[in-house]
Amino acid sequence: MKRIGIDVGGTNTDAVLLDGDRILRSIKTATTSDVMSGISTAMAHILGDDQAFEAGGVRAIMIGTTHFTNAVIERRGLSKVAVIRIGLPAAHSILPMQAWPDDLRREVEGPVFLVRGGHEFDGREIVPFDREHMQAIASEIRDSGVKAAAITAVFSPLTSACEEEAAAILTQMVPHISITLSSQLGRIGLIERENATIINSALHGLARETVSAFEAAISKSGIAAPLYLTQNDGTVMQASHAARFPVLCFASGPTNSMRGARMLSGLDEAIVLDVGGTTTDAGMLVSGFPREANSKVDIGGVSTFFRMPDVIAIALGGGTIVDAENGLVGPKSVGYLISEKARVKNGDTLTLTDFAVRAGRMEFGDAALVADLPNTLADHVDAWSRQRLADLVDRMKTSAADAPVIVVGGGASLVPDELPGVSRVIKVEHAGVANAVGAAMAQVSGECDQVFYDIGREEALERARKIAERRAIDAGADISSLELLDIEDIPMSYIPGNPLRVRLRVIADLAL
Amino acid sequence: MREFEFDELEALAIGAGVLGTGGGNHPDLELMCAQAEYRRGRRVTLIDPQELADDARVAVVCIMGAPLVTKERLPEPVAICKAVRLMEAHCGKPFDAIMSIEIGGENAFFAMLAGMELGLPVVDADTMGRAFPEAQMASFAIRGLSVAPFAIADIRNNSVLIPEAENATRIERIGRKAVVELGSIAGTCAAPRSGREVKDHAILNSVGRALKIGNAVLAARHSGHDPVDAVLDAEEGALLFTGKVQDVSRRTTDGFVRGKAVLAGRGGFEGQMLEIDFQNEFSVARLDGRLLACVPDLITVLDEESAEAIGTEVLRYGQRVVVVALPADPIMTSAEGLTVVGPRAFGFDFDYTPFTEQPA
């Protein structure tokens with residue numbers, strides 16, 4: 001079965017054509033400002049001359065993109081959002097967007113409303129939902145001209161009735177407003193869930209445009225296969241779903257690289273170094289998936305509940321500048337200008353790439369142009385890189401034992417073949433497009449985060465698993481490949497009925 | 001008496017997290033609340049217990065309920081204010097100051113937030129010096145002072161007054177039932193204490209202790225030093241273990257989350273296993289089966305990098321942590337104290353030994 005994986009990064013758009021596990025073609029091109037033409041170029045290349053034949057066999061296209069994260073970080077393309085929180089007289093001690101950075105808040109904040117209603121953890125009402133107030137709010141939103149809304153109610157992941165009723169009233173009064181309900185994003189924790197809901201709504205316009213640009217580029221290439229976008233956890237969702245829930249794509253970049261590294265190396269347990277033009281990201285594969293970060297995750301300065309891969313970045317990449325006079329390396333980089341700036345390319349800047357070419361680790365430009373660099377400087381730069389990479393690997397490790405390291409990314413050949421504390425350095429073929437491979441190989445997932453009462457642990461886990469599996473199947477899972485990915489069950493203190501909160505995730509291959 | 005400074009709020013949150021010993025709910029939402037109040041121009045003052053007149057009337061307050069509920073309903077200091085007003089009405093006299101039942105976790109902040117709202121100074125003291133799961137585990141109860149009358153209120157118009165009760169345990173049980181009916185979270189105000197009683201029977205200067213820990217961590221983070229070392233230096237604490245969370249098992253019995261965490265050693269502890277038992281808070285730590293520390297000493301699990309305290313509810317497989325022990329207050333390690341908060345009170349079949357006296 002053929003599929004295409006595309007990674008649209010800030011600098012490069014990478015694409016691969018896979019047949020099963022076999023890579024038929026791959027390409028790295030520059031990301032274009034309209035996104036679409038970069039993808040078109042990449043598609044044209046990997047489909048090659050025999051376009052009709054190749055295109056006919058492709059069953060799915062997976063795109064990983066940092067577009068939405070970057071929009072939040074760079075505060076561009078965001079819409080104003082009307083924010084409705086249902087929970088009074090509770091849930092008013094911290095106001096919506098209170099802890100947001102001012103500049104982001106200015107871009108996103110529309111009218112904000114607190115309404116009486118919401119539910120307790122056990123499904124009882126806090127107080128009855130104030131419908132009249134909601135109607136008044138809806139007419140105010142209509143008059144404000146704001147085109148997006150975010151609705152959050154207390155304990156909506158357990159009882160979503162208030163959010164749904166509010167949305168119905170709002171849709172009736174403001175027909176074309178785009179709405180995100182916090183219960184659609186799940187997870188308990190009102191502030192973080194509300195933040196994610198607001199950001200999601202602010203991205204609706206951009207997400208619709210981006211996804212239709214993706215679709216246009218695909219259809220231009222003559223392929224009629226379904227389009228999927230990759231999510232934080234290394235799984236995919238249908239493009240139409242991504243257009244409604246762009247926040248789910250947020251950390252897919254590092255995840256795709258690591259999943260690609262796994263596929264290219266066949267290793268389930270290893271440290272992955274993704275070496276780019278400016279930075280090297282280190283992450284860890286545990287049972288074939290990225291280990292997740294301990295702490296809460298901020299996106300553009302806003303706290304959300306998304307689980308993110310545990311990644312550490314250091315300033316070491318192909319474009320890292322070497323100051324020959326003082327023997328200083330980095331942290332500045334020429335980044336994506338490497339092809340113009342590096343000495344091996346007749347440029348004026350000495351970079352780590354030049355030393356890798358000189359040492360014979362990398363084929364790029366003209367090695368003769370760096371033959372004159374003194375050995376002492378080369379040894380110094382080499383020692384610096386080794387030390388930095390060895391430290392980075394050590395920070396990722398969970399034990400002192402030597403660990404295998406998989407190296408991917410455009411600058412992969414920068415990494416020496418041996419490193420202290422590393423059992424072996426694995427350099428894989430197609431390392432430069434590992435992220436596109438990871439996107440192409442992405443599976444689907446289903447999650448359940450729910451509280452169960454008065455039933456045994458085993459039964460609660462079983463029920464949660466059924467819910468998660470149903471959601472995975474709805475997302476396109478092949479039933480025969482369903483697998484439990486992670487599970488967490490937390491009994492809740494001081495509440496009768498032995499409540500058990502179960503968070504469970506299953507994954508599966510796409511049924512194509 | 002002095003004004004509490006804005007920068008001290010974050011330090012208080014970090015310190016209260018550490019003193020929460022895994023329970024008490026990390027006060028991150030309450031910190032946001034307090035910072036917003038400060039930005040609006042509200043202030044709260046901290047009063048040293050020695051500055052209290054002997055006949056001053058002190059309100060002893062806390063939020064009672066399920067930590068998870070706060071994450072959805074958000075902190076509710078208003079409920080505490082209602083309980084305080086109810087107690088004033090019952091006793092017919094106003095309060096002069098307010099203090100928290102426990103300094104560990106979010107309750108460190110509720111006294112501050114309610115103090116701001118009511119215009120009362122917050123006493124630099126509490127009754128546990130940490131977090132404990134039940135009301136009778138407080139120093140006033142240990143010293144035989146009555147917890148009744150006891151007021152409970154929610155944010156709607158529901159309140160409960162328990163004018164008398166045979167003992168603190170009974171109040172704890174009646175209170176829990178009432179709190180569940182109120183949505184599993186409510187504000188409480190216990191029997192008024194005189195300034196003299198606070199000076200004689202409270203855990204003194206515990207707000208200061210939390211601030212000292214928090215300030216040390218913040219200073220270390222800013223200067224690039226190890227924040228875990230900073231906690232140990234600030235507190236005459238001991239490093240018990242460095243490792244990775246290997247397994248966490250939890251079960252609910254009688255409303256408490258009881259369980260065990262197993263940690264695999266890293267660095268100097270490679271090849272060793274630490275087991276920590278908990279009942280809401282961490283109670284006993286054993287290294288390869290050998291007792292290292294137990295209640296009422298404080299056992300705290302910190303994130304290896306940031307020294308942020310990790311609660312029993314958020315302990316997860318794969319977390320890289322450091323486990324430290326901090327000394328308990330002498331009231332807690334006295335003979336009366338140990339019958340209520342010693343290892344046997346938590347169902348263990350051995351007596352208390354301070355972590356400082358364990359063979360290295």
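Atoms considered below: every heavy atom in the structure, side chains included; atoms not considered: hydrogens, waters and symmetry mates. Chain letters run A, B, ... following the sequence lines, proteins first and then strands; every chain starts at 1.
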* What option among K71(B), R156(B), M64(B), E308(B) has the most heavy-atom pairs under 4.5 Å with chain A? -> R156(B)

* Could you state the interatomic distance from CD (E305(B)) to CZ (R395(A)), rounded to the nearest 0.5 Å? -> 6.0 Å

* Over 12 non-hydrogen atoms of neighbours within 6.0 angstrom of CZ in R170(B) -> no

* Would you mind telling me which of V127(A), I126(A), I191(A) has the largest number of heavy-atom pairs within less than 4.5 Å of chain B? => I126(A)

* Asked: If you round to the nearest 0.5 Å, how far is NE2 of H119(A) from CZ of R73(B)?
  -> 12.5 Å

* Structure fact -> Closest non-hydrogen contact found for C33(B) with I94(A) is SG-CG1, 3.9 Å

* Structure fact -> Counting heavy-atom pairs under 4.5 angstrom with chain A, the leader among V78(B), D154(B), L68(B) is L68(B)

* If only atom types and distance count, is the side chain of E72(B) paired as donor or acceptor with the main-chain N or O of V154(A) below 3.5 Å? -> no

* Given that the side chain runs from C-beta out, which part of L31(B) has a heavy atom under 4.5 Å from chain A: side chain, backbone, both or neither? -> neither

* Asked: Between CD1 of I185(B) and CD of E120(A), what distance do you get to the nearest 0.5 Å?
  -> 10.0 Å

* Asked: Relative to chain A, which segment of Q279(B) carries a heavy atom at a distance below 4.5 Å: side chain, backbone, both, or neither?
  -> neither

* To do: Check whether R116(A) gets within reach of chain B through its side chain, its backbone, both or neither, counting any heavy atom under 4.5 Å.
  => neither

* Would you indicate whether the side-chain heavy atoms of E181(B) and R124(A) approach each other to under 4.5 Å? => yes

* Are any side-chain N or O atoms of S93(A) and backbone N or O atoms of L74(B), one a donor and one an acceptor, separated by less than 3.5 Å? -> no

* Structure fact -> Ranking E194(A), R193(A), R457(A) by heavy-atom pairs under 4.5 Å to chain B gives rank one to R193(A)

* Structure fact -> Applying ring pair (Phe, Tyr, Trp, His ring centres under 6.0 Å) to F121(A) and not counting sequence neighbours gives none

* Take atom CZ in R105(A); do more than 12 heavy atoms of anything else shown fall under 6.0 Å from it? -> yes

